[in-house]
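Okay, structure first, notes after.
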There are 2 protein chains.
Amino acid sequence: MQKNTVQCQFVTALDSIVGKWKPIILYHLLQGEPLRFNELRRLLPDITQRMLTLHLRELEEEEIVKRVIYPQIPPKVEYSITEYGKSLSPILESLHQWGKAHMERNLLKQAKNEQKETD
Amino acid sequence: MQKNTVQCQFVTALDSIVGKWKPIILYHLLQGEPLRFNELRRLLPDITQRMLTLHLRELEEEEIVKRVIYPQIPPKVEYSITEYGKSLSPILESLHQWGKAHMERNLLKQAKNEQKETD
DNA sequence: CAGTATCCGTCCTGATACTG
DNA sequence: CAGTATCAGGACGGATACTG
């Protein structure tokens with residue numbers, strides 16, 4: 001196998017997952033319930049409307065999330081994870097677990113350093 | 001658990017993995033053999049010296065990669081994965097697998113589209 | 001409610017040149 | 001061999017204002 005191919009596989013996968021907000025968007029959608037635009041916004045308090053829109057469009061493009069528009073006034077749009085998107089679940093789960101452990105590790109290290117300083 | 005905490009866990013994990021080249025660097029180092037700077041460069045034909053250095057430094061900072069300097073002329077530096085870094089292996093492996101499948105999927109879709117155009 | 005449009009800053013990356 | 005220094009370009013994210 002070529003190195004470039006290997007690289008592409010990673011890049012391809014990462015492109016689908018990264019972006020400052022994608023993992024958390026996916027995390028919430030992977031809970032199972034479809035979510036409306038503003039529900040997602042509430043779940044991600046710091047995201048801007050623009051970023052939420054952009055990331056959702058990208059995820060939709062890749063068929064990882066499904067966008068359903070209910071033609072009514074006021075408008076209602078629901079986002080949900082696709083079957084295909086669910087295949088990302090193990091990765092997100094690994095990331096989540098690893099990130100958790102990594103954070104705790106870092107906190108411990110920090111604590112040690114601060115202790116040293118007071119010694 | 002707070003949403004921010006969840007987000008941080010993802011961000012923390014992603015920070016360690018992303019960067020255009022980190023996954024492939026880690027992929028090669030996870031093969032087990034320590035690699036010298038220029039060996040890595042050969043394995044990643046398109047990376048610039050600068051980027052390789054920067055990413056290696058970040059990985060070293062996070063104790064994912066170990067850097068060993070042999071004080072000799074000409075200089076020799078070897079990079080290897082740490083025990084801690086090995087804990088990233090499942091994530092990288094999932095990413096790799098998923099990316100592979102995702103690429104094949106995309107290629108299939110493209111093929112279909114091109115067929116449509118010639119119809 | 002669920003978006004667009006516009007503008008702007010910064011961070012990341014790359015190219016190139018130089019060095020112990 | 002294994003880097004560092006410097007500069008430049010572009011993608012990315014964010015703030016704000018507007019809309020069907």
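Computed from heavy atoms alone, side chains included, the values below leave out hydrogens, waters and symmetry copies.
Annotation: of the two residues near DNA chain D, A:Lys20 and B:Glu39, the 5′-most nearest-nucleotide partner is B:Glu39. Nearest-nucleotide positions on DNA chain D place B:Phe37 closer to the 5' end than the other of A:Glu58 and B:Phe37.
With a cut-off of 3.5 Å on both Watson-Crick or G-U wobble distances, the partner of D:dG20 is given as C:dC1. With a cut-off of 3.5 Å on both Watson-Crick or G-U wobble distances, the partner of D:dC7 is given as C:dG14.
Using a 4.0 Å heavy-atom distance criterion, A:Tyr79 is classed as a sugar-phosphate-only contact. Residue contacts shown for A:Arg50 include a base, since a base heavy atom lies under 4.0 Å away.
Looking at A:Glu39 and A:Arg42, no side-chain N of the basic residue comes within less than 4.0 Å of a carboxylate O on the acidic one, giving no salt bridge.
Between the CE atom of A:Met51 and the P atom of C:dA2 there is a distance of 19 Å, rounded to whole Å. Protein atom CG of A:Leu54 is 8 Å distant from nucleotide atom P of D:dG13, rounded to whole Å.
Look at A:Trp21 and you won't find any side-chain N or O under 4.0 angstrom from OP1 or OP2 of D:dC12.
Considering only heavy atoms from C-beta on, A:Leu59 stays 4.5 Å or farther from A:Leu29 through its side chain.
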Could you walk me through whether B:Gln115 and B:Lys112 pass the side-chain contact (heavy atoms from CB on, under 4.5 Å) test, one step at a time? CA-CA 5 Å; B:Gln115 177 140 23; B:Lys112 271 190 200 160; 5.6 Å; no
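Cluster membership check: B:Val77 shares its hydrophobic cluster with B:Leu35, using side-chain heavy-atom separations under 4.5 Å among Ile, Leu, Val, Met, Phe, Trp and Tyr.
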